[in-house]
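Bear in mind that the values here come from a model prediction, so they are computed numbers and not experimental data. A note on names: the letters A, B, ... follow the listed sequences, proteins ahead of strands, and every chain is numbered from 1.
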Amino acid sequence: MKRSPGPGRPARASCKRTASDPLVVQKDGIFRDVHMVLIPGGGILEKQLQIWCRKVTALGGSCRTLSSGPTTADVIDVATHIAAATTARLEQRMEKVELVGRAARAVAVSFKWLEECLASAAQVPVDNFLLREVGWYEHDKEGPTGSEQPGTAGGACPAPLMEHVTAKAASPGYEPLPLPTSGLSLPLNNSLSLDDSTNCPALSHPSPSNDRVQREGTACGVRAGSDGSDDEAGPCVRDALQARGARGGSREERLQEWMRTEVALRRQGRPREEGAETQDGCEASQYPEVDDESTLEGAEGDIPLDLNEHITRHLRELKDIYEALGDEWRALTYRRAVGVLERLSFRIASAEQLAGVMGVGQQVRDKVKEILGTGRLAKLDSLQSDAKLRVLRLFSSVFGVGAKTALELYSRGHRSLADLRGDPSLSRQAQLGLRYYEEIGAKMSRDDVARIHALVQAQAESICPGVSCEVTGSYRRGRIMCGDVDFLVTHPDGKSHRGLLARLHQRLTAIGFLMADLRSFDDDDQGGGALCQTYLGMCRLPGTDDHRRIDIKVYSAAVYACALVHFTGNEVFNRKVRFFALQTGFKLSEYGLFPVTKIGKRKFVDKTSLPCATERDVFAHLGLEYLEPHERNW
DNA sequence: CGGCTGTACTG
DNA sequence: CAGTAC
DNA sequence: GCCG
C-alpha cells in the first residue's frame with residue numbers, strides 16, 4: 001500500500017508537498033482569495049470533500065462543504081466558487097438550501113476544476129469547468145471548435161451563479177428535482193456529440209500530454225465539443241451517456257465513448273495519470289489521503305449512493321430469482337438494469353424518464369412504473385410467495401448445484417437441505433458444498449485473508465524460491481469482507497511455475513491447511529505449453545476451526561498480466577471490458593489480448609497475444625485509461 | 001432472430 | 001455434451 | 001429481457 005512520502009521526499013515540481021499537507025497553510029497559495037463551497041453528491045464521497053477542503057485551506061483559500069447541517073447563508077454570500085460534481089447536483093442542492101439569488105459573485109464549477117488546480121499547483125482557468133444551466137445552450141453553442149476554446153471562450157461563459165439561478169427561476173416548468181427528462185432528451189446532442197474533438201484512435205496510446213488544460217474533459221471520458229465548457233451539460237454525464245441515440249459518430253466511436261465513460265465514472269476523484277510517473281509515488285503524494293483511507297476502509301463506500309434503492313431492490317430480487325431458475329439471460333438483463341439505475345444521478349420520479357436509457361427496455365420500465373405507483377411488484381410478490389421457487393433458490397445456493405440440479409432434486413421430493421444430505425445422486429462437489437454450506441456462505445475479514453496469504457506464500461516460497469503469490473479477487477479490489485481467497489501464482493522466470501501447483505497442493509494438504517478439494521487440476525506434468533492450472537478447495541482459517549473457500553491458480557509469467565486482470569474482476573467489469581474488446585477488434589481472455597480480424601462474416605483471432613507485461617498494458621492496448629483494482633468494483 | 005465474456009473441470 | 005463455477 |  002502506498003503511503004505518504006516522507007517530508008524530504010523528492011517530488012516533481014508540480015507535486016508540491018505542501019499541497020497535501022494540511023498543517024502548513026500558505027497564505028499566498030494558489031487559492032488565495034478563493035472562498036469555495038463544495039456541494040456533496042454525484043458519487044463524490046464526503047471524505048473526498050473534506051480532503052479537498054483541507055487542501056484548499058492549506059493553499060490559502062477558505063472552503064466549506066454544503067453537507068448536512070444548517071447552512072449558513074453567509075457562506076454562500078461570500079463564496080467565489082461553488083463546486084459540484086454535476087450541474088444536477090448543484091441545482092438540486094441550491095434549491096434545497098434556498099440559496100436562489102444569494103450566490104451573486106460565485107462561479108459554479110465542476111470538481112474537476114479543483115482537481116486540475118491541485119494537480120497543476122496553479123489556479124487553472126475555470127472556463128472549461130463551468131457548470132451551466134441546461135437551458136443555456138442556445139447562445140454560445142456552435143463555433144465548430146474552430147476556436148480552440150481559449151480562456152474566455154464565450155463572453156457569456158463565466159456564468160455567475162446569480163444569472164444561472166435567475167434563468168432557472170424564470171423558467172416556468174422548473175421543478176425542484178433535477179429534471180431528468182429534459183436532461184436525457186434535450187442536451188444529448190450537445191453533451192454527446194462525439195465530434196472531431198473525440199480524438200481517441202483505437203490503438204494509439206493516449207498521448208501523455210502535459211497540457212493540463214487541453215486534457216480537460218478526458219477525465220470524464222467525454223470531450224465536450226466546441227462549447228467545451230463542461231461535459232455535464234445535462235443533469236449528469238453518466239445519465240446522458242447511458243442514453244441511446246448518442247449519434248454523431250460511427251458505431252465504433254460511440255462504443256469507445258461509452259466504455260470510456262464507464263471507466264471515467266470509476267475514476268472520479270482521481271486525476272488523470274501522467275505518463276509513467278506514477279511509479280515514484282508522485283500520485284501518492286498528491287492524494288495521500290485517498291490512498292490511505294479511501295482505498296480500503298472506504299472501498300465499500302466508493303459506490304455512489306443508490307438514489308433509487310427502493311426500485312432496484314425489487315429488480316435485484318428478480319435477478320436473483322431468474323438466476324436460481326436458470327434463466328441466465330433474463331437475469332443478465334436485470335443485473336444490467338440494476339447496474340444502470342443504481343447509478344443514476346437522480347431519483348426516478350416517473351418511468352418516462354428512463355426512455356432511451358441503455359439496458360432498460362419497455363418491460364423493465366413498466367415494472368418501474370408499477371413500483372413507483374404501488375410500491376410493490378405483483379410479479380415479484382407472486383414469485384416470492386412461491387414455495388417451490390423458494391426451495392429451488394435454496395438448493396441452487398449450494399456450491400455445485402445449479403438450476404438444473406436444483407429442479408431435479410425438487411422433483412425427487414426434496415424440500416430442505418437436510419433432505420439432500422443423504423442423497424447419493426449428489427455430485428461429489430455438491431456433497432462438499434452441502435457439508436460446508438454455512439462456511440462457504442460466510443465472509444471473512446481482510447485480516448483473515450492476509451493471514452491465509454502469508455501462510456500460502458511462505459509455503460510456496462519454500463517450494464519454489466522467487467515465486468510470486470498474489471491474492472486477487474475481491475480482496476485485491478479492496479473489499480472489506482471477502483467470500484473467498486483467490487490466489488494467482490506465477491514465477492518470473494517463466495518456467496518454474498510448471499508443476500508447482502501439484503507440489504503446493506500436496507504441501508498445503510500435508511500441513512492440514514487444505515481441507516477439501518472442490519475441483520482439482522490436470523496433474524500431468526504438462527510437457528506441452530500448459531499455461532495454467534487451477535485448484536478450488538476449502539482451507540482452514542488460521543487459528544480457528546472454520547473453513548473458507550480458496551482458489552489457487554498457477555499461470556505462466558507470459559500471460560500473468562491478463563490473468564491478473566481476469567481474476568481481479570469483478571465479473572461485471574470483465575464482461576464489459578471483454579465486450580468492448582470484442583467490438584473494437586480484440587478478444588480478451590485470461591490468456592492474453594488477441595487482435596481479431598474480420599473478413600466478411602468470418603473472424604480470425606490472432607494466435608499470439610499483444611504483449612502485455614502489466615495490467616496497464618492491457619488497458620493501454622484497448623485505449624482505456626487504467627483503473628486501479630478498487631475501481632473495478634462495477 | 002441471434003447474441004449476450006471466455007474458459008476449465010466433472011460426470 | 002450438459003452443468004457448474006470462476 | 002434487451003439490443004442491433
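Atom pair A:Phe399:CZ and C:dG3:P shows a separation of 17 Å (rounding to whole Å applied). The distance from atom CG of A:Leu582 to atom P of D:dG4 is 15 Å, rounded to the nearest whole Å. Following rounding to the nearest Å, A:Arg330 (CZ) and D:dC2 (P) show an atom-to-atom distance of 9 Å. In this structure, A:Lys603 atom NZ and B:dT5 atom C1' are separated by 12 Å, rounded to whole Å. For A:Tyr535 and B:dT10, the OH to P distance is 11 Å, given to the nearest whole Å. Computed from coordinates, the A:Gln533 CD to C:dA5 P distance equals 22 Å when rounded to whole Å. Residue A:Arg575 contributes atom CZ, which lies 10 Å from atom P of B:dG6 at whole-angstrom precision. At whole-Å resolution of the value, CD in A:Gln363 and C1' in D:dC2 are 9 Å apart.
Nearest to the side-chain atoms of A:Arg578 among the listed nucleotides C:dC6, B:dG6, D:dG1 stands B:dG6. For A:Lys404, taking side-chain heavy atoms from C-beta onward, the closest of the listed nucleotides B:dT5, B:dT7, C:dG3 is C:dG3. When each of B:dT7, D:dG1, C:dC6 is scored by its nearest atom to the side-chain atoms of A:Lys379, the top-ranked nucleotide is D:dG1. Distances from the side chain of A:Gln429 to the nucleotides D:dG1, B:dA8, B:dT10 place B:dT10 closest.
On the C1' atoms, B:dT5 is 14 Å away from C:dA5, given to the nearest whole Å. Nucleotides B:dG3 and C:dA2 place their P atoms 15 Å apart, quoted to the nearest Å. Comparing the same atom, C1', in D:dC2 and in B:dT7 gives a spacing of 25 Å after rounding to whole Å.
At a threshold of 4.0 angstrom between heavy atoms, the contacts of A:Ser589 are confined to the sugar-phosphate backbone, with no base atom among them. A:Asp327 comes within 4.0 angstrom of no nucleic acid atom, judged by non-hydrogen atoms across all strands. No engagement by A:Ala337 is indicated, since no non-hydrogen atom pair under 4.0 Å with the nucleic acid exists. As judged by a 4.0 angstrom heavy-atom cut-off over every strand, A:Val398 is placed among residues touching the sugar-phosphate backbone only. A:Arg549 comes within contact range of the sugar-phosphate backbone alone, with a heavy-atom separation under 4.0 Å but no base atom that close. Among the protein residues, A:Glu328 comes within range of no part of the nucleic acid, since none of its heavy atoms lies under 4.0 Å from any strand. Residue contacts shown for A:Val364 are limited to sugar-phosphate atoms, with no base heavy atom under 4.0 Å away.
A ring-centre distance under 6.0 Å is found for A:Tyr626 and A:Phe619. Close placement of the A:His505 and A:Phe521 rings is indicated, their centers lying within 6.0 Å of each other. In summary, the aromatic rings of A:Phe399 and A:Tyr437 are positioned with their centroids too far apart to meet the 6.0 Å limit.
Taking 4.0 angstrom as the limit, A:Tyr591 places none of its side-chain polar atoms (N or O) nearer than this to OP1 or OP2 of B:dT7. Applying the 4.0 Å criterion to OP1 and OP2 of B:dT7, one finds that A:Lys587 has a side-chain N or O inside that range.
Evaluation of A:Phe521 against the base of B:dC9 yields no stacking contact (centre distance < 5.5 Å, interplanar angle < 30° required).
Summary of the strand contacts: A:Lys576 and A:Ser427 both lie near DNA chain B, and taking for each the nucleotide with the nearest heavy atom, the more 5' one is attributed to A:Lys576.
Because its NZ or CZ atom is not both nearer than 6.0 Å to the ring centre of A:Tyr334 and within 45° of the ring axis, A:Arg316 does not count as a cation-pi partner of that residue.
A:Leu354 is listed as a side-chain neighbour of A:Leu344, based on a closest heavy-atom distance under 4.5 Å.
Residue A:Gln506 places its CD atom among 12 or fewer non-hydrogen atoms of other residues, nucleotides or ligands, all under 6.0 Å distant.
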